There are 2 protein chains.
Amino acid sequence: MRKARRSGRVTLAEVAREADVSAITVSRALRDPEQVSKATMERIDAAVRKLGYAPDMAARALASRHTNVIGVLIPSVTNNVFSDVLRGIYDALDGTRYHLQLGNTRYSVLEEENLLRIFLSQRPAGLIVSGIDQSPATRAILENANCPVVQIMETGPDPVDMMVGFSHREGAKAAVAHLAEAGYRRIAFLGARMDPRTQRRLQGYQDALKQYGLGEDADLIVTTPRSSSVTLGGWLFGELVSRRPDVDAVFCNNDDIALGVLFEAQRRNIAVPHALGVCGFNDLEMMASACPSLTSLRTHRERMGREGIDMLIRAIEDDRPEERVVDLGFEVMRRESSTGPAR
Amino acid sequence: MRKARRSGRVTLAEVAREADVSAITVSRALRDPEQVSKATMERIDAAVRKLGYAPDMAARALASRHTNVIGVLIPSVTNNVFSDVLRGIYDALDGTRYHLQLGNTRYSVLEEENLLRIFLSQRPAGLIVSGIDQSPATRAILENANCPVVQIMETGPDPVDMMVGFSHREGAKAAVAHLAEAGYRRIAFLGARMDPRTQRRLQGYQDALKQYGLGEDADLIVTTPRSSSVTLGGWLFGELVSRRPDVDAVFCNNDDIALGVLFEAQRRNIAVPHALGVCGFNDLEMMASACPSLTSLRTHRERMGREGIDMLIRAIEDDRPEERVVDLGFEVMRRESSTGPAR
DNA sequence: TTGTACGCGTTATCAG
DNA sequence: CTGATAACGCGTACAA
C-alpha cells in the first residue's frame with residue numbers, strides 16, 4: 001500500500017466530517033453562503049473554527065482554473081510616482097476578494113516579459129501594466145492572456161485592452177506653455193532616464209516652444225540616462241548654467257530634478273523665480289511646501305491606480321466599462337517658482 | 001462519460017507526448033536538467049518551445065506542497081524608507097528561484113494578521129516582516145509558520161526566528177548627542193505617526209538629553225498621530241516655535257519632517273544652522289543636496305532588505321546563518337544644518 | 001536514466 | 001439544498 005503524504009494541514013474533507021456533511025457542501029458554504037441552508041451553515045462554521053481550517057489556494061486554483069490574483073507590473077518601487085499609484089491600487093482592492101501580486105520590472109522590457117510569463121503561469125484574474133511601451137513580444141503575450149488587462153499611467157492610440165492615464169506630451173506642453181506665458185524666454189529641459197515616456201515629455205516641451213515662437217536651442221536640453229534624484233537635478237542644472245548662463249527657466253522631467261535645481265540655484269545665489277523660473281512634473285507632496293513653493297504639473301496618480309483596478313474588476317466580472325480608454329488629464333499647479341522673470 | 005474540463009493550456013503530458021517521453025521525465029528536465037540525459041533534454045526543450053509550455057504553479061504547489069514564494073510584509077508602500085528596503089530585496093532575489101509576494105499592512109496589526117493568514121495559505125518558502133511590534137496573535141502565527149521568518153528594520157531582544165536591523169533608540173540617541181555636542185541646548189523632538197518605533201526614537205532623544213544634562217521640557221516635544229510629510233514638518237515646526245520661540249535645534253523623527261522644517265525656517269527667516277540646528281532620520285538621498293545640506297542619521301535600508309533575503313534563503317535551504325540577529329548599525333551624517341549655533 | 005501509479009485539496013458536473 | 005464522482009496538472013515514492 002502506498003503511503004499517504006498528507007501535509008498536516010486541515011482539509012475540506014476533515015471539516016466536512018466534523019460538520020457531518022459532504023466536502024462539496026463545505027466548499028460551497030465557504031464560497032457562497034447563500035447556497036447552503038442556515039442550519040448546515042452554522043455547523044460548518046463551527047467546524048471551520050474548531051479545526052482552524054484555511055483553504056488551500058493552490059488546490060483551489062487547480063480545480064477552478066482561476067485565481068483572485070491581480071498582477072500589477074510597475075517599473076520601479078523606489079519612485080514616488082509609483083508608490084502613489086500603488087496606494088490607489090491598494091485602496092481600490094480593499095474589501096474586494098482580489099489579492100495583489102506586484103512585479104517590479106526595473107524599467108526593463110525584458111524583465112517585464114519574464115514577470116508576465118511568471119504571472120500568467122498563475123492564472124491571474126486580471127493584469128495591470130505600466131505605460132504603453134511594451135515590446136512586441138510582451139504585447140503579444142498580453143493580447144493572448146485570457147484575462148482583462150489595463151495599461152495605466154499613460155494614454156495612447158492602441159490599447160491592449162483598457163487604459164487609464166494621461167498624455168505626457170500634452171502635460172509637458174501645458175507646463176512649458178505656462179512658463180512661456182509667465183514671461184520666461186530661454187526655457188530649458190532637464191531630463192533623467194530618457195525612457196520613451198520622458199521622450200514624449202521632451203516632445204511636449206518642443207511643441208510648446210514652437211507654439212510660443214521660442215526657437216529651439218540644443219544647449220537648453222540637458223539629459224542623462226541615469227535615474228533621477230535630487231542630487232542629479234543639481235548636477236544637470238550646473239551643466240546647464242555652464243552651457244547657457246542666460247537660461248531663465250527650467251522645465252524638469254520630474255519633481256526630484258526640480259527640487260535639486262532649487263537647491264543648486266540657492267547655492268549659486270540665483271533667485272527663483274526672478275532670475276530663474278522652475279517647474280516640475282508630477283506634483284509630489286513636497287512641491288507645495290518648498291520655499292519658494294514649486295510649480296509642477298499635477299498628475300492623478302492615486303486615481304490612476306484606483307480607476308485602473310475598478311475597470312479591471314468590472315471587466316473580470318463581465319461588466320466592462322463602455323470607455324476602454326480613460327484620460328484623467330493633469331493640472332498645472334502655479335506656484336511661487338514661476339511667477340515670472342524680473343523686468 | 002464525464003466531460004473533460006481542460007483549460008486550453010499546454011500541459012506536461014502534451015509536452016511529454018511531443019517529446020516521446022513520459023510526463024515525469026519532462027517534469028524532472030524542467031526542474032533539474034542534470035537528472036536527464038542530454039539527448040532527451042534536447043527533445044524536451046524543443047517540444048516545450050514548440051508548444052509554448054508554461055508550468056502551472058498551482059498544480060506544482062499542490063503536488064509538491066511548497067512554493068518558491070517569499071512573502072514580504074511592509075507597513076507602507078508610499079514611504080521612501082521602505083522603497084529602499086524593497087530595492088535591496090529585489091536585488092537579492094535576482095537570479096534566485098524565489099519570487100516575491102508583497103503585502104502592505106498600512107501600519108495596522110490587524111491587516112498584518114490577515115495578510116499573514118493569506119500568505120500562509122499559499123505555503124510560502126519564507127517570510128519577511130517589518131519591525132518587532134507584532135501583535136501576540138501575529139507572533140503566534142509566525143512562530144507556527146512552518147517556514148523561516150526574518151524580522152527586518154529593527155533589532156530587539158526576542159526574535160521570532162531571525163532578525164536584521166538596528167536600534168532605533170540608539171540611533172536617535174546618537175543623533176541628538178551630535179546636536180548637543182555641536183552646542184545646541186534647547187533641542188526639540190518633532191514626530192509624526194507615533195507608532196512604537198517612533199516611540200523608541202523618542203526614548204533615544206530623552207536618553208541623550210539626560211546624558212548631556214539638558215533637562216526635559218514637554219513643550220519641546222511636538223508630535224502628531226498623522227502620517228509624516230514635508231508639509232506636516234512645516235506645521236509641526238510652526239507649532240513648536242509658537243510654544244518655544246527660543247528653541248535652537250530640532251531632531252526630526254524622519255527626513256520628510258526635517259525638510260519641511262528647513263523650508264518653514266527659510267520662510268520665517270530663521271537661519272539654519274546658526275539660529276536653528278536641524279537633524280533628520282534615515283538620510284534619504286535628498287538630504288545631502290539640500291541647501292544647506294541636512295544632517296541625518298543614515299540607516300542601511302537597502303542592506304537590511306538584501307541581508308534579510310540572504311538569511312532567509314540560507315535558512316530555507318537548510319544553511320542557517322549562525323547569528324540569528326544581525327545589527328547593521330547606523331551613522332550620523334554631519335552636514336551644514338547642524339554645525340552649531342551662533343555664539 | 002526513465003517510467004508507473006497515485007495522491008495533493010479543491011471544484012465542476014451531473015444527479016437527486 | 002445536498003451529494004457522488006471525476007477531473008485539475010503536477011510531483012513523490014518506488015520500481016525497473
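Owing to the predicted nature of the structure, the values given are computational and were not obtained by experimental measurement.
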Counterpart residues, side chain to side chain donor-acceptor pair (under 3.5 Å), relative to [X] (two or more places apart):
X      : answer
A:D318 : none
A:N80  : none
B:Q35  : B:D32
B:R303 : B:E307

* To do: Please identify each residue that fulfils salt bridge (Lys or Arg N to Asp or Glu O under 4.0 Å) with A:R320, with sequence neighbours left out.
  =>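 A:R320 satisfies salt bridge (Lys or Arg N to Asp or Glu O under 4.0 Å) with A:D161 once adjacent residues are dropped.
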Are any of [X]'s side-chain N or O atoms less than 4.0 Å away from OP1 or OP2 of [N]?
X     : N      : answer
B:R60 : D:dC10 : no
A:S64 : D:dC8  : no
A:R31 : C:dA12 : yes

* Asked: How about B:F119 and B:Q101: do any of their side-chain heavy atoms sit closer than 4.5 Å?
  ->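 Sidechains of B:Q101 and B:F119: in contact.
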* **DNA chain D contacts made by residues 19-28 of chain B, counting heavy atoms under 4.0 Å** =>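 The answer is B:I24, B:S27.
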Nearest whole Å is fine: how far is [N] [atom2] from [X] [atom1]?
X      : N      : atom1 : atom2 : value
B:R123 : C:dT10 : CZ    : C1'   : 12 Å
B:E34  : C:dT1  : CD    : C1'   : 13 Å
A:L62  : D:dA7  : CG    : C1'   : 9 Å
A:R65  : C:dA12 : CZ    : P     : 7 Å
A:M57  : C:dC8  : CE    : C1'   : 17 Å
A:R17  : C:dT10 : CZ    : P     : 12 Å
A:Q35  : D:dG3  : CD    : C1'   : 13 Å
B:K38  : C:dT2  : NZ    : C1'   : 19 Å

* To do: Would you indicate whether A:D20, at its atom CG, is surrounded by more than 12 heavy atoms from other residues, nucleotides or ligands within a distance under 6.0 Å?
  =>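 12 or below, so no.
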* Asked: Is B:E143 atom CD crowded by more than 12 heavy atoms from other residues, nucleotides or ligands, each under 6.0 Å away?
  ->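 Yes.
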* Hey, where does DNA chain C pair up into stems, meaning at least three consecutive Watson-Crick or G-U pairs with distances under 3.5 Å? ->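 Consecutive-pair runs (3 or more) involving DNA chain C: C:1-16 with D:1-16.
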* Considering residues at least two apart in sequence or located in another chain, which fulfil the ring pair (Phe, Tyr, Trp, His ring centres under 6.0 Å) criterion with A:Y98? ->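 Partners of A:Y98 by the ring pair (Phe, Tyr, Trp, His ring centres under 6.0 Å) criterion come out as none, since no residue qualifies.
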* State which residues pass ring pair (Phe, Tyr, Trp, His ring centres under 6.0 Å) with A:Y53; sequence neighbours excluded, sorted by chain then number. =>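 A:Y53: no ring pair (Phe, Tyr, Trp, His ring centres under 6.0 Å) contacts found.
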* **Set of residues satisfying side-chain contact (heavy atoms from CB on, under 4.5 Å) with respect to A:R17, sequence neighbours excluded** =>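 Scan of A:R17 (side-chain contact (heavy atoms from CB on, under 4.5 Å), adjacent residues dropped) gives A:E14.
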* Quick one: side-chain contact (heavy atoms from CB on, under 4.5 Å) partners of B:A59, sequence neighbours excluded? ->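 For B:A59 the side-chain contact (heavy atoms from CB on, under 4.5 Å) partners, ignoring immediate neighbours, are A:L62, B:D56.
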* May I ask you to list the residues of residues 45-56 of chain A, by number, that have any heavy atom positioned under 4.0 Å from an atom of DNA chain C? =>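 Listed by number, they are A:Y53, A:P55, A:D56.
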* To do: Check every atom of D:dC1, D:dG11, C:dT10 against the side chain of A:S37 and return the nucleotide holding the closest atom.
  =>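 It is D:dC1.
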* Asked: Of B:R43 and A:A58, whose nearest nucleotide on DNA chain C comes first from the 5' end?
  ->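 Its nearest nucleotide lies further toward 5', so the answer is B:R43.
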